[in-house]
Chemist: 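Before anything else, here's the structure in question.
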2 protein chains.
Amino acid sequence: MISKKTKYAINALVHLTKRKDEGPILISEIAEQENIPQKFLEAILLDLKKAGILSSKKGKGGGYYLLKEPDEVNLADVMRLFDGPIALLPCVSYLYYERCEECKDEETCGQRDVFLEVRNKTVDLLKKATLTEIIAREDKLAGKKK
Amino acid sequence: MISKKTKYAINALVHLTKRKDEGPILISEIAEQENIPQKFLEAILLDLKKAGILSSKKGKGGGYYLLKEPDEVNLADVMRLFDGPIALLPCVSYLYYERCEECKDEETCGQRDVFLEVRNKTVDLLKKATLTEIIAREDKLAGKKK
DNA sequence: TACTTAGTCTATCAACTTTATAGACTATTG
DNA sequence: CAATAGTCTATAAAGTTGATAGACTAAGTA
């Protein structure tokens with residue numbers, strides 16, 4: 001399961017993408033409309049800023065806004081930022097690789113081979129899921145609904 | 001990441017599969033050869049027994065052995081047993097479904113749509129990974145190695 | 001029957017992570 | 001200089017994970 005942090009981060013990013021022509025958006029507004037505890041959201045947005053995805057303005061008329069283009073931000077990056085590795089085993093993670101202590105031979109480990117496949121497919125799907133693409137999905141789903 | 005419990009369980013199951021013609025295998029033997037803390041392994045094997053995957057015999061000449069056929073045990077089932085849902089969001093889990101409190105409309109949620117795809121692909125890959133298939137992978141990897 | 005073997009059950013625990021809250025601080029705008 | 005709004009630090013409750021200890025029970029064997 002992904003953490004609430006990641007889930008909240010994605011919702012906040014989608015929110016900011018939809019309103020990206022309105023200038024800076026207040027934390028309090030995002031918190032209220034997306035049902036996220038405000039203080040918790042503050043920390044999340046700060047992390048997204050440090051990661052170069054968002055930027056902010058202080059004082060009156062301030063708030064947060066997208067720094068990267070919506071098609072340059074994908075769920076794989078967001079997940080890694082808050083939850084760390086996407087891989088289900090440390091030994092198949094590319095960015096957070098770690099050997100399994102109990103493993104006898106990594107090269108011939110069948111379990112590892114399975115989870116390597118799962119990781120590759122998952123990263124593949126999550127990389128394709130950009131903010132732009134997520135909103136396109138929503139539009140499509142909303143169309144089907146009515 | 002999967003828990004050590006799941007990882008240990010898979011290693012123990014593969015171990016028992018390889019030696020399934022030898023009769024009951026001691027917990028202590030599996031623990032030693034697979035580098036698993038014995039007391040921890042005891043609990044794991046007990047869970048696998050309760051799930052109908054293993055059976056055991058007490059007293060001298062006792063130990064654990066496979067009850068199901070190796071091609072009837074897959075990693076999706078083992079993961080669910082120890083780690084619960086495979087899905088990354090509660091709202092896309094089939095067996096452990098739960099609504100996201102903060103969600104405004106599940107039917108048109110783009111985030112959900114992405115994680116539904118990830119879940120489906122992951123379950124698909126893990127269902128195919130039976131004990132038989134894992135050992136076949138190991139043989140193949142060992143062949144390539146030399 | 002008594003002894004040994006080996007799985008089973010219950011309780012406990014330290015360490016860590018997650019989710020969240022409170023409050024002081026700093027920069028910007030008007 | 002006062003109001004606004006993001007930033008930083010600390011704290012904490014709750015839950016999960018990985019592990020250990022010890023008593024108990026069932027099965028085989030002499």
Side-chain angles (χ1 to χ4, degrees), chain A residues 1-9 11-12 16 22-32 34-51 53-65 67 79 81-85 88-90 96 98 100-102, chain B residues 1-12 16 22-32 34-51 53-67 79 81-85 88-90 96 98 100-102:
Chain A
M1 289 272 176
I2 64 171
S3 64
K4 290 210 170 186
K5 239 177 176 167
T6 298
K7 218 200 302 185
Y8 290 158
N11 285 335
L16 286 172
E22 294 179 38
I25 309 288
L26 293 180
I27 297 179
S28 57
E29 248 183 274
I30 305 173
E32 200 184 344
E34 300 295 334
N35 303 311
I36 305 171
Q38 175 159 344
K39 276 289 177 185
F40 199 37
L41 179 60
E42 286 179 12
I44 294 168
L45 296 177
L46 211 49
D47 284 342
L48 288 168
K49 182 183 174 180
K50 282 176 192 154
I53 295 171
L54 297 180
S55 193
S56 63
K57 237 186 113 182
K58 283 186 176 183
K60 193 167 186 179
Y64 273 95
Y65 54 93
L67 193 60
M79 261 193 72
L81 190 59
F82 295 103
D83 289 349
L88 293 173
L89 280 182
Y96 304 81
E98 211 171 311
C100 294
E101 318 154 49
E102 73 279 5
Chain B
M1 289 274 174
I2 63 171
S3 64
K4 291 212 171 183
K5 239 177 176 166
T6 299
K7 218 199 301 185
Y8 291 158
I10 297 168
N11 285 334
L16 286 172
E22 294 179 37
I25 309 288
L26 293 181
I27 297 179
S28 57
E29 249 183 272
I30 305 173
E32 199 185 344
E34 300 295 333
N35 303 312
I36 305 170
Q38 175 157 347
K39 275 290 176 183
F40 199 37
L41 179 59
E42 285 178 12
I44 293 167
L45 295 176
L46 210 49
D47 283 343
L48 288 168
K49 183 183 175 181
K50 281 175 192 155
I53 296 170
L54 298 181
S55 193
S56 64
K57 236 186 115 182
K58 285 186 174 181
K60 191 164 190 184
Y64 273 94
Y65 55 93
L66 270 180
L67 193 59
M79 262 193 72
L81 190 60
F82 294 103
D83 289 349
L88 293 173
L89 281 180
Y96 303 80
E98 209 170 312
C100 294
E101 315 155 51
E102 74 278 6

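In what follows, every chain begins at residue 1, and chains take the letters A, B, ... in the order their sequences are listed.
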Chemist: Which atoms form the tightest heavy-atom contact between A:G62 and A:L26, and what is the distance?
Modeler: O-CD2, 3.7 Å
Chemist: Return whichever of B:Q38 or A:P37 has its heavy-atom-nearest nucleotide of DNA chain C closer to the 5' end.
Modeler: B:Q38
Chemist: CG/A:N11 to OG1/A:T6 distance, rounded to the nearest 0.5 angstrom?
Modeler: 11.0 Å
Chemist: Round to the nearest Å and state the distance from B:I27 atom CD1 to D:dA26 atom P.
Modeler: 16 Å
Chemist: Using a 4.0 Å heavy-atom cut-off across all strands, classify A:Y8 as base, sugar-phosphate, or nothing.
Modeler: sugar-phosphate
Chemist: Does atom CD (A:E32) have a neighbourhood of more than 12 heavy atoms from anything else shown, all under 6.0 Å?
Modeler: no
Chemist: Quick one: label B:L26 by what it contacts on the DNA or RNA (base, sugar-phosphate, nothing), any heavy atom closer than 4.0 Å.
Modeler: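 Sugar-phosphate contact only.
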Chemist: Can you see if the side chain of A:K60 gets near the phosphate of C:dA27 - specifically, an N or O under 4.0 Å from OP1 or OP2?
Modeler: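 No, outside the criterion.
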Chemist: Given atom CG of B:L41 and atom P of C:dC9, what is their separation to the nearest angstrom?
Modeler: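 To the nearest whole Å, that distance equals 15 Å.
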Chemist: Do A:K4 and B:E101 meet the salt-bridge criterion of a basic N to acidic O distance under 4.0 Å?
Modeler: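 Counted as a salt bridge, because a side-chain N and a carboxylate O are separated by less than 4.0 Å.
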Chemist: In whole angstrom, what separates B:L46's CG from D:dT25's C1'?
Modeler: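 Going from CG in B:L46 over to C1' in D:dT25 covers 13 Å.
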Chemist: Can you measure B:E102 atom CD to C:dA20 atom P for me and round it to whole angstrom units?
Modeler: 9 Å
Chemist: Are OP1 or OP2 of D:dG6 and a side-chain N or O of A:Y65 less than 4.0 angstrom apart?
Modeler: no
Chemist: Pick out the pairs of N or O atoms, protein on one side and nucleotides 22-24 of chain D on the other, that lie under 3.5 Å.
Modeler:
| residue | atom | partner | partner atom | Å |
| --- | --- | --- | --- | --- |
| D:dG22 | O6 | B:K39 | NZ | 2.5 |

Chemist: Under 4.0 Å between a side-chain N/O of A:K57 and OP1 or OP2 of C:dT29, yes or no?
Modeler: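 Yes, A:K57 has a side-chain N/O under 4.0 Å of OP1/OP2 on C:dT29.
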Chemist: For the pair B:I44 and B:F82, evaluate side chain to side chain contact (heavy atoms under 4.5 Å, CB included) and give the outcome as yes or no after the intermediate values.
Modeler: CA-CA 9 Å; B:I44 293 167; B:F82 294 103; 3.8 Å; yes
Chemist: Just the rounded figure in Å: distance from P of D:dA19 to CG of B:D47.
Modeler: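 B:D47 atom CG is separated from D:dA19 atom P by 15 Å.
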Chemist: Rounded to the Å, how far apart are A:D83 CG and C:dT18 P?
Modeler: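 So the CG-P distance, A:D83 to C:dT18, works out to 7 Å.
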Chemist: OP1, OP2 of D:dT7 versus side-chain N and O of A:S56: anything below 4.0 Å?
Modeler: yes
Chemist: Whole Å only: how far is the NZ atom of B:K58 from the P atom of D:dG28?
Modeler: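 In whole Å, D:dG28 P lies 11 Å from B:K58 NZ.
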Chemist: About how many Å separate CG of A:L45 and CD1 of A:I25, when rounded to the nearest 0.5 Å?
Modeler: 11.5 Å
Chemist: Could you give the CZ-to-P distance, from A:F40 to D:dG6, as a whole number of Å?
Modeler: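 Going from A:F40 (CZ) to D:dG6 (P), I get 18 Å.
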Chemist: Tell me whether A:Q38 at atom CD has more than 12 heavy atoms from other residues, nucleotides or ligands lying less than 6.0 Å away.
Modeler: yes
